[in-house]
Enquirer: 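There's a structure below that I have some questions on.
Whatever order the structure lists ligands and atoms in, that order sets their numbers, starting from 1.
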Amino acid sequence: MITPHINARKNDFSELVIMSGDPIRVRYIAENFLDNCIEVTNIRYMLGFTGYYKGCRVSVMSHGMGIPSAALYIEELAQYYHVKKIIRLGTCGTVQKNIKLKDIIIAMGACTDSSFNRNRFSNYDYSAIADFDIICNINNFAQYMGIPLHIGNFFTTDIFYFKDRKIYNLLKKYNILGIDMETAGFYSIAAEFNIKAMSMCCVSDHLKFNERLSSNDRLFSFNNMIKLSLDTITL
Ligand code: HPA
């Protein structure tokens with residue numbers, strides 16, 4: 001055992017990792033997009049795979065839901081497996097009227113209600129941002145492939161079911177495009193360990209229109225994001 005939560009051997013991971021919350025989605029990516037793919041870790045069924053995309057070695061790893069879960073996997077990948085680049089593929093909510101279910105949003109930065117970054121950053125406000133080169137490259141690929149993207153600010157929350165919906169008006173006013181549960185923590189850990197990081201999400205919940213994707217659609221409306229992320233990370 002190398003880490004408490006990952007039972008891969010030392011060189012089992014590529015430096016390039018695509019991460020996503022759901023292990024079933026991760027297996028779907030590995031089985032449908034990678035060649036010669038092997039399962040490298042499976043503790044708690046938090047699956048990880050390594051294979052080849054267009055000849056380039058790349059890994060896919062699940063991270064569960066919320067900052068605490070995602071953070072420990074990202075930190076272990078950084079510390080013990082020397083990962084250098086991570087693109088996270090997630091789902092998110094939105095409150096913006098011009099954004100629809102299944103649209104793709106890139107998190108250029110992320111605000112948060114979590115205390116995670118303050119705890120790590122001497123109680124100051126940490127500005128959690130994505131890697132600029134990854135954003136540029138993915139934007140170029142998206143234009144080339146004719147895939148529309150929204151690029152802007154996120155709000156990373158610890159609360160999926162807000163009782164007080166007033167927060168949605170605030171987020172709309174401050175031009176928050178996507179609401180997820182991991183990105184702000186992901187970006188601060190990436191900064192600490194010098195990892196190039198970017199989070200992109202497919203909209204699964206429209207919180208103004210009260211629309212939600214089915215669990216099956218959540219899982220499989222990901223193909224454009226998978227292609228974009230693999231082309232970009234292996235560039
Ligand atoms: N809120 C927070 N995280 C999410 C949501 C949401 O509505 N949808 C998908 N991830």
Side-chain angles (χ1 to χ4, degrees), residues 18-26 28-29 46 60-74 86-118 126 128-130 147-190 197-226 228-229:
I18 304 289
M19 297 192 82
S20 199
D22 181 351
I24 299 173
R25 192 183 300 140
V26 162
Y28 171 78
I29 298 171
M46 202 60 81
V60 206
M61 172 77 199
S62 39
H63 61 55
M65 282 188 279
I67 291 180
S69 175
L72 69 90
Y73 292 102
I74 295 162
I86 300 177
I87 296 181
R88 175 183 122 71
L89 308 182
T91 53
C92 69
T94 193
V95 288
Q96 302 296 345
K97 291 194 171 133
N98 63 322
I99 300 181
K100 305 181 300 300
L101 288 183
K102 297 191 183 178
D103 280 5
I104 300 174
I105 315 178
I106 303 252
M108 198 151 71
C111 323
T112 186
D113 58 12
S114 158
S115 57
F116 184 83
N117 288 349
R118 285 197 178 176
Y126 180 75
I129 56 168
I147 298 170
L149 294 182
H150 305 273
I151 304 180
N153 214 349
F154 259 56
F155 183 75
T156 297
T157 180
D158 287 341
I159 302 172
F160 187 84
Y161 294 111
F162 273 105
K163 299 291 178 275
D164 183 356
R165 296 175 61 89
K166 280 202 220 84
I167 176 123
Y168 298 142
N169 296 332
L170 181 72
L171 299 182
K172 186 165 182 295
K173 185 167 174 194
Y174 276 79
N175 210 13
I176 299 295
L177 305 189
I179 304 162
D180 80 342
M181 303 185 78
E182 293 85 12
T183 297
F186 166 39
Y187 285 171
S188 86
I189 298 174
M198 196 212 64
S199 192
M200 70 195 299
C201 292
C202 170
V203 177
S204 57
D205 301 271
H206 205 299
L207 304 160
K208 278 280 169 204
F209 298 157
N210 281 324
E211 297 168 342
R212 291 190 188 276
L213 288 186
S214 68
S215 51
N216 214 41
D217 269 352
R218 262 168 220 262
L219 191 56
F220 295 114
S221 58
F222 258 66
N223 287 352
N224 279 341
M225 286 208 304
I226 298 169
L228 280 175
S229 63

Enquirer: Below 4.0 angstrom from a heavy atom of Ser204, which ligand 1 atoms are there? Numbered from 1 as shown, please.
Expert: 8 (N), 9 (C)
Enquirer: Just which atoms of ligand 1 are under 4.0 Å from any heavy atom in Leu207?
Expert: 7 (O)
Enquirer: Is the Lys NZ or Arg CZ of Arg118 less than 6.0 Å from the centre of Tyr126's six-membered ring, within 45° of the axis?
Expert: no
Enquirer: Would Arg212 count as being in polar contact with ligand 1, using the rule that some N or O on each side must be under 3.5 angstrom apart?
Expert: no
Enquirer: Which of the numbered atoms in ligand 1 are below 4.0 angstrom from a heavy atom of Met181?
Expert: 2 (C), 3 (N)
Enquirer: In terms of atom number and element, which parts of ligand 1 are under 4.0 angstrom from non-hydrogen atoms of Cys92?
Expert: 5 (C), 8 (N), 9 (C), 10 (N)
Enquirer: Sub-3.5 Å donor-acceptor pair from the side chain of Ser62 to the main-chain atoms of Gly64, do we have one?
Expert: no
Enquirer: Identify, by atom number and element, the atoms of ligand 1 in contact range of Asp180, meaning under 4.0 Å from any of its heavy atoms.
Expert: 3 (N)
Enquirer: What residue and heavy atom of the protein are closest to atom 10 (N) of ligand 1, and at what distance?
Expert: Thr91 O, 3.4 Å
Enquirer: Please identify each residue that fulfils salt bridge (Lys or Arg N to Asp or Glu O under 4.0 Å) with Lys163, with sequence neighbours left out.
Expert: none
Enquirer: Nearest protein heavy-atom contact for atom 4 (C) of ligand 1: which residue, which atom, what distance?
Expert: Ile179 O, 3.4 Å
Enquirer: Does Glu182 use its side chain to pair, donor to acceptor, with the backbone of Gly66 at less than 3.5 Å?
Expert: yes
Enquirer: For atom 6 (C) of ligand 1, tell me which residue out of Tyr161, Tyr168, Phe160 has the closest non-hydrogen atom.
Expert: Phe160
Enquirer: Tell me: protein heavy atom nearest atom 8 (N) of ligand 1, and distance?
Expert: Asp205 OD2, 2.6 Å
Enquirer: Apply salt bridge (Lys or Arg N to Asp or Glu O under 4.0 Å) to Lys100 and list each qualifying residue two or more places apart in sequence or on a separate chain.
Expert: Asp103
Enquirer: If we check side chain to side chain contact (heavy atoms under 4.5 Å, CB included) with Lys208, which of these qualifies: Thr94, Ile99, Val95?
Expert: Val95
Enquirer: Pick one: which of Leu177, Ile179, Val203, Thr156 meets side chain to side chain contact (heavy atoms under 4.5 Å, CB included) with Cys92?
Expert: Val203
